[in-house]
Number of protein chains: 2
Amino acid sequence: MTSTDPGPLRPTRQRRAVVGVLGTFADFRSAQDIHELLTSAGEKVGLATVYRTLAALADAGEVDVLRNEDGEAVYRSCSDSHHHHLVCRSCGATVEVEGPAVERWTRAIAEQHGFTDVSHTLEIFGTCTACSGSS
Amino acid sequence: MTSTDPGPLRPTRQRRAVVGVLGTFADFRSAQDIHELLTSAGEKVGLATVYRTLAALADAGEVDVLRNEDGEAVYRSCSDSHHHHLVCRSCGATVEVEGPAVERWTRAIAEQHGFTDVSHTLEIFGTCTACSGSS
DNA sequence: CTGCAGTTGACAATGATTCTCAACTGATTG
DNA sequence: CAATCAGTTGAGAATCATTGTCAACTGCAG
């Protein structure tokens with residue numbers, strides 16, 4: 001069940017291309033966006049492959065995935081440590097933040113209720129300085 | 001923009017029915033599930049109407065909405081104060097939790113980075129006592 | 001009772017994500 | 001280098017949740 005077998009992951013042209021574009025932006029982009037970036041960069045990669053690759057990377061913990069308000073999955077490469085995001089609702093600018101206290105709190109709350117194998121999702125949304133100016 | 005006009009909300013049979021079933025379960029259910037519950041309860045309500053009603057209720061803050069792992073929106077009636085959820089990954093049991101400290105922390109972090117109009121999402125997942133026994 | 005704005009429902013339309021499956025490719029072996 | 005084979009890919013079909021369309025309907029005020 002909890003198979004830790006990552007399986008072979010051949011470094012193909014497509015996979016390298018996806019990892020490549022992931023390094024060119026700092027905010028969250030949808031799989032479709034990433035596919036377009038790839039295409040406009042001259043890299044021919046199928047949409048299905050982009051989805052598969054992104055899923056694999058997310059699985060391997062090399063990219064963060066979260067859902068925007070429409071429920072679409074959006075991706076972004078990330079540092080390998082556990083963290084959360086502060087995202088600008090308007091321009092998408094993202095800041096990675098850490099909160100040891102929150103980590104502790106969630107674990108405590110969960111254990112208090114007898115829950116084990118605890119995990120959590122936490123995202124903060126707001127309007128960044130640059131965007132709060134324009135109406 | 002920030003129109004506070006709730007608009008008339010006529011208490012129709014359909015709307016009452018939706019609110020009705022929302023009171024019959026304590027975990028999160030998808031719009032489709034709710035529609036089926038309604039149907040099997042003999043209430044004829046169109047799927048589109050269920051979606052519309054749920055959206056309206058969510059908008060009015062009378063129900064909580066969150067996304068399950070597949071990105072589907074799931075709903076549940078809730079208390080009117082701001083809170084978060086501790087959800088059992090296995091059986092779906094839900095506990096509402098509050099964390100003033102977390103609220104303060106997110107606001108502080110956001111302001112520290114110049115973000116305004118801050119909001120956040122926080123859900124805790126785990127395995128409840130009842131479920132952690134079975135393999 | 002009448003009229004109208006708010007509602008509804010059946011169904012089409014959208015759109016993201018997944019599935020299918022034959023063709024392809026990279027690493028390995030002889 | 002050529003054969004081999006499991007892992008990969010891509011084009012397009014298939015899913016499926018959610019939203020849009022629009023004519024018919026329904027509470028409620030007058």
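Here is how names work: the chains are called A, B, and so on, in the same order as the sequence lines, proteins then strands, and each is numbered from 1.
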Show me the donor-acceptor pairs, under 3.5 Å and distance only, between side chains in residues 62-69 of chain B and residues at least two apart or in other chains.
unit_1: B/D64; atom_1: OD2; unit_2: B/H83; atom_2: NE2; d: 2.8
unit_1: B/D64; atom_1: OD2; unit_2: B/H85; atom_2: NE2; d: 2.8
unit_1: B/R67; atom_1: NH1; unit_2: B/G71; atom_2: O; d: 2.9
unit_1: B/R67; atom_1: NH2; unit_2: A/E69; atom_2: O; d: 3.0
unit_1: B/N68; atom_1: OD1; unit_2: B/D70; atom_2: N; d: 2.8
unit_1: B/N68; atom_1: OD1; unit_2: B/G71; atom_2: N; d: 3.1
unit_1: B/N68; atom_1: OD1; unit_2: B/E72; atom_2: N; d: 3.0
unit_1: B/N68; atom_1: ND2; unit_2: B/E72; atom_2: OE2; d: 3.3

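- Every residue two or more places apart in sequence or in another chain that forms a side chain to side chain contact (heavy atoms under 4.5 Å, CB included) with B/D27 is listed here: B/F25, B/R29, B/T94.
- For B/L57 and C/dT7, the CG to P distance is 12 Å, given to the nearest whole Å.
- The separation between A/R52 atom CZ and C/dC24 atom P is 16 Å, rounded to whole Å.
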Next item on the list: Quick one, give me the B/S/- string for nucleotides 13-18 of chain C, reading 5' to 3', where B means a protein heavy atom under 4.0 Å from the base and S means that only happens at the primed atoms, P, OP1 or OP2.
Entry: ---SBB
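- One distance of note links CG of B/D117 with SG of A/C131; it measures 11.5 Å at 0.5 Å rounding.
- Residue pairs meeting the ring pair (Phe, Tyr, Trp, His ring centres under 6.0 Å) criterion with at least one partner in residues 86-132 of chain A, sequence neighbours excluded, are A/H82-A/H120, A/H84-A/H120.
- Expressed to the nearest 0.5 Å, how far OG of B/S119 lies from CD of A/E123 amounts to 11.0 Å.
- Taking atom CD on A/Q14 and atom C1' on D/dG10, their separation rounds to 9 Å, with Å as the unit.
- Residues A/C91 and A/C128 form a side-chain contact, since some pair of their non-hydrogen atoms from C-beta on lies under 4.5 Å apart.
- Of the inter-residue distances, the one linking A/D33 atom CG with A/F28 atom CZ reads 13.0 Å to the nearest 0.5 angstrom.
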Give me the distances for all protein-to-nucleotides 27-30 of chain D N/O pairs that come in under 3.5 Å?
unit_1: D/dG27; atom_1: N3; unit_2: B/R10; atom_2: NH1; d: 3.1

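- If you take CG of B/D59 and P of D/dT19, they are 12 Å apart, rounded to a whole angstrom.
- As rounded to whole Å, 10 Å separates atom P of D/dT18 from atom CG of B/D33.
- In this structure, CG of A/L38 is placed 13 Å from C1' of D/dT9, rounded to the nearest angstrom.
- Taking CD1 of A/I124 as the start and CG of B/L122 as the end, the distance is 9.5 Å to the nearest 0.5 Å.
- Per the geometry, NE2 belonging to B/H35 stands 15 Å off P belonging to D/dT19, to the nearest Å.
- Between the NZ atom of A/K44 and the C1' atom of C/dC24 there is a distance of 16 Å, given to the nearest Å.
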Under 3.5 Å, which donor-acceptor pairs do the side chains of residues 38-56 of chain B form with other protein atoms, sequence neighbours left out?
unit_1: B/T39; atom_1: OG1; unit_2: B/H35; atom_2: O; d: 2.9
unit_1: B/S40; atom_1: OG; unit_2: B/E36; atom_2: O; d: 3.1
unit_1: B/S40; atom_1: OG; unit_2: B/L37; atom_2: O; d: 3.1
unit_1: B/E43; atom_1: OE1; unit_2: B/R13; atom_2: NH1; d: 3.4
unit_1: B/T49; atom_1: OG1; unit_2: B/R52; atom_2: NH2; d: 3.2
unit_1: B/Y51; atom_1: OH; unit_2: B/Q32; atom_2: NE2; d: 3.0
unit_1: B/T53; atom_1: OG1; unit_2: B/T49; atom_2: O; d: 2.8

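- Look at B/R15 and you won't find any side-chain N or O under 4.0 angstrom from OP1 or OP2 of C/dG6.
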